[in-house]
Amino acid sequence: MGNLILFCQIQCLLSLLLFVSIVNPTPLCLPNDKAALLQFRNSMSIDDSQSKTNSWNESTNCCSWEGVTCDKATGQVIGLDLSHASLSGSLPQNTSLFRLRNLEYLDLSWNSFTGSIPASLGNLTKLTSLLLYVNNFEGQIPDVFGKLNKLTTLHFYGCNFSGQLPPSMFNLTQLTYLELSSNRLEGPLPTNVTGLQNLNEFQSTDNLLTGGIPSWLFTLPSLQHLDLSNNRLTGPINPFQKSNSIRHVYLPNNVIHGEIPTSFFNLAKLTELDLSS
Ligand SMILES: *[C@@H]1O[C@H](CO)[C@@H](O)[C@H](O)[C@H]1NC(C)=O
Ligand SMILES: *[C@@H]1O[C@H](CO)[C@@H](O)[C@H](O)[C@H]1NC(C)=O
Ligand SMILES: *[C@@H]1O[C@H](CO)[C@@H](O)[C@H](O)[C@H]1NC(C)=O
Ligand SMILES: *[C@@H]1O[C@H](CO)[C@@H](O)[C@H](O)[C@H]1NC(C)=O
Ligand SMILES: *[C@@H]1O[C@H](CO)[C@@H](O)[C@H](O)[C@H]1NC(C)=O
Ligand SMILES: *[C@@H]1O[C@H](CO)[C@@H](O)[C@H](O)[C@H]1NC(C)=O
C-alpha cells in the first residue's frame with residue numbers, strides 16, 4: 001500500500017513535470033542573439049576551463065546555455081548572468097554584447113574586464129539591473145543613464161571607475177539600489193536632484209568625493225540607507241526639511257565640521273547616525 005502511494009506520488013510528479021515542460025518549454029533562441037553571444041564570448045579570454053561560457057555550444061539552443069535567460073514568449077535574450085565567469089577583455093564601442101537590445105538583466109561582476117565602458121551601453125534601453133562589481137575597468141562611468149530610465153539596480157562596487165559621477169545617473173526615477181563604493185570617484189555630488197524618488201539604498205564609501213553634503217540626500221522620499229563613509233566631503237550640513245524614510249546615515253571619515261543640524265532630530269525613523277571623523 002505504502003509502495004503504491006509512493007508510486008502514485010512519483011507518477012503524479014512526473015506527470016506534473018511533463019505538463020510544466022509542455023506548457024512552459026525552453027524557448028528557442030533567435031539566430032541574431034546567438035551570434036551576438038558567441039561573438040562576445042569569442043572576443044574574451046577565458047581563464048578557467050570551468051567558466052560557465054564553456055557550455056555555450058553553437059549547435060545548441062542558446063536559451064539553454066548557462067547564464068542566459070530568454071523571454072518565454074519571444075525567445076529574445078533578456079537576461080545574462082556572466083558573474084564569476086573568468087572573463088578578461090574589454091568592451092569596445094561595437095561590442096556584440098550591446099546588440100542584445102532586449103537585455104533587462106546584465107551581470108558581469110567578478111571578472112577581469114578592463115578598459116572603459118563605451119557609450120553604446122546606452123543602447124540597452126530595457127535594462128533594469130546592471131551589475132559590474134569587482135572588475136578592472138578604467139575611466140569614468142559613461143553618462144548614458146538618460147536612455148536607461150528603467151534601471152532599478154546599479155551595482156558598481158570595486159570596478160576601478162574614476163572621475164566624476166555622470167549627471168544623468170541622478171535623474172533615474174525607478175532606481176532603488178545604487179552601490180558605487182571602492183572606486184576612485186571624485187568631484188562633488190550634484191546640488192540639485194529631481195530623480196531618485198524610489199532610491200532605497202545609496203552607498204558610495206571609499207571614494208574621493210569632494211564638495212558639500214547636499215540636503216537632498218536626507219529628503220529623498222524612499223531613501224532608508226545612506227553610506228558615504230571614507231570620502232573627502234566637507235561640512236557643514238545645512239538644515240533640511242523633514243523626511244520620513246531614512247534610517248541609517250553613515251558619513252564617518254569625511255571632513256564634516258560645524259553644528260549637527262537639529263533637522264536630524266526630526267527624522268522619525270532614524271536609528272543610526274555616524275558623523276565621526
Ligand atoms: C556541441 O554539441 C554537439 C552536439 O551535441 C557536440 O557534438 C559537440 O562536441 C559540442 N561541441 C563542444 C565544443 O562542446
Ligand atoms: C569592431 O570594430 C573593429 C574595427 O573597428 C573590428 O575589427 C571588429 O571586428 C568589430 N567588432 C565587432 C564585434 O563588430
Ligand atoms: C547603438 O548601436 C548603433 C549600432 O547598432 C550605433 O550606431 C549607435 O551609436 C549605438 N548607440 C549608442 C548610444 O551608442
Ligand atoms: C584603473 O584605472 C586607471 C585609470 O582609469 C588605469 O590607469 C588602471 O590601469 C586601472 N587599473 C587596472 C588594474 O586595470
Ligand atoms: C534630468 O531630467 C530633467 C527633466 O526631465 C532634464 O531637464 C535634465 O536635462 C536631465 N538631466 C540630465 C543630466 O540628464
Ligand atoms: C534646483 O531646482 C529647483 C527646481 O527645479 C530650482 O528652482 C532651483 O533654482 C534649483 N537650484 C539650483 C541650485 O540649481
Side-chain angles (χ1 to χ4, degrees), residues 26 28-68 77 80 82 85-103 106 108 111 113-125 127 130 140-152 154 156 161 163-176 178 180 185-199 202 204 209 211 214 216-217 219-222:
T26 304
L28 200 56
C29 96
L30 305 175
N32 284 343
D33 285 357
K34 181 191 268 193
L37 287 166
L38 285 172
Q39 204 174 357
F40 174 67
R41 197 267 315 264
N42 294 341
S43 71
M44 293 286 128
S45 346
I46 301 165
D47 309 328
D48 180 359
S49 59
Q50 303 299 309
S51 170
K52 58 180 104 173
T53 60
N54 291 355
S55 73
W56 293 13
N57 181 332
E58 186 154 16
S59 59
T60 59
N61 178 4
C62 79
C63 296
S64 65
W65 293 352
E66 215 180 325
V68 177
V77 173
L80 190 56
L82 290 177
S86 305
L87 301 176
S88 53
S90 61
L91 300 170
Q93 178 74 24
N94 62 355
T95 175
S96 60
L97 184 62
F98 299 158
R99 293 209 310 261
L100 297 167
R101 297 291 182 91
N102 297 296
L103 274 186
L106 178 59
L108 301 179
N111 286 289
F113 283 97
T114 53
S116 56
I117 307 261
S120 48
L121 170 65
N123 273 333
L124 301 184
T125 55
L127 272 187
L130 178 60
Q140 288 183 238
I141 301 171
D143 198 9
V144 292
F145 299 99
K147 295 180 184 171
L148 306 186
N149 55 16
K150 296 195 167 72
L151 279 167
T152 62
L154 280 181
F156 293 167
F161 286 129
Q164 305 235 357
L165 293 167
S168 60
M169 186 184 270
F170 296 89
N171 251 6
L172 290 169
T173 55
Q174 309 296 316
L175 198 65
T176 61
L178 179 57
L180 304 171
L185 299 167
E186 57 188 55
L189 292 164
T191 50
N192 221 357
V193 161
T194 50
L196 305 184
Q197 297 92 330
N198 286 296
L199 191 63
F202 177 21
S204 178
L209 299 178
W216 59 261
L217 286 169
T219 57
L220 290 176
S222 308

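Only this structure's heavy atoms are used, side chains among them; waters, hydrogens and symmetry mates stay out. The residues of the chain are indexed from 1 along the displayed sequence. All ligand and atom numbering here is 1-based and tracks the order in the structure.
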Residues Leu180 and Ile141: closest non-hydrogen pair is CD2-CD1, 4.2 Å
Is the side chain of Asn111 donor-acceptor paired with the backbone N or O of Ser86 at a distance under 3.5 Å, no angle test?
yes
At under 4.0 Å between heavy atoms, is it the side chain or the backbone of Gln93 that contacts ligand 2, or both, or neither?
neither
May I ask you to list the atoms of ligand 5 that are less than 4.0 angstrom from any heavy atom of Pro167?
13 (C)
List the steps, then state whether side-chain contact (heavy atoms from CB on, under 4.5 Å) holds for Ile117 with Val144.
CA-CA 10 Å; Ile117 307 261; Val144 292; over 6 Å; no
Classify the angle between the aromatic ring planes of Trp216 and Phe202 as parallel (below 30°), tilted (30 to 60°) or perpendicular (above 60°).
parallel
Can you pull the residues with any heavy atom under 4.0 Å from ligand 1?
Asn57, Ser59
Would you check the N or O atoms of Thr194, main chain and side chain alike, for any that come under 3.5 Å of an N or O of ligand 5?
no
Side chain to side chain donor-acceptor pair (under 3.5 Å) pairs touching residues 32-46, sequence neighbours excluded, are Gln39-Arg99
When you look at Thr95 and Phe40, which way does the side-chain contact (heavy atoms from CB on, under 4.5 Å) test go after all the steps?
CA-CA 7 Å; Thr95 175; Phe40 174 67; 3.9 Å; yes
Checking side chain to side chain contact (heavy atoms under 4.5 Å, CB included) against Trp56, which of Thr53, Thr60, Asn54 comes through?
Thr53
Report, in ascending order of atom number, the atoms of ligand 2 lying under 4.0 Å from any heavy atom of Asn94.
1 (C), 2 (O), 3 (C), 8 (C), 10 (C), 11 (N), 12 (C), 13 (C), 14 (O)
Would you check if Leu189 and Leu217 make a side-chain contact, meaning some heavy-atom pair closer than 4.5 Å?
yes
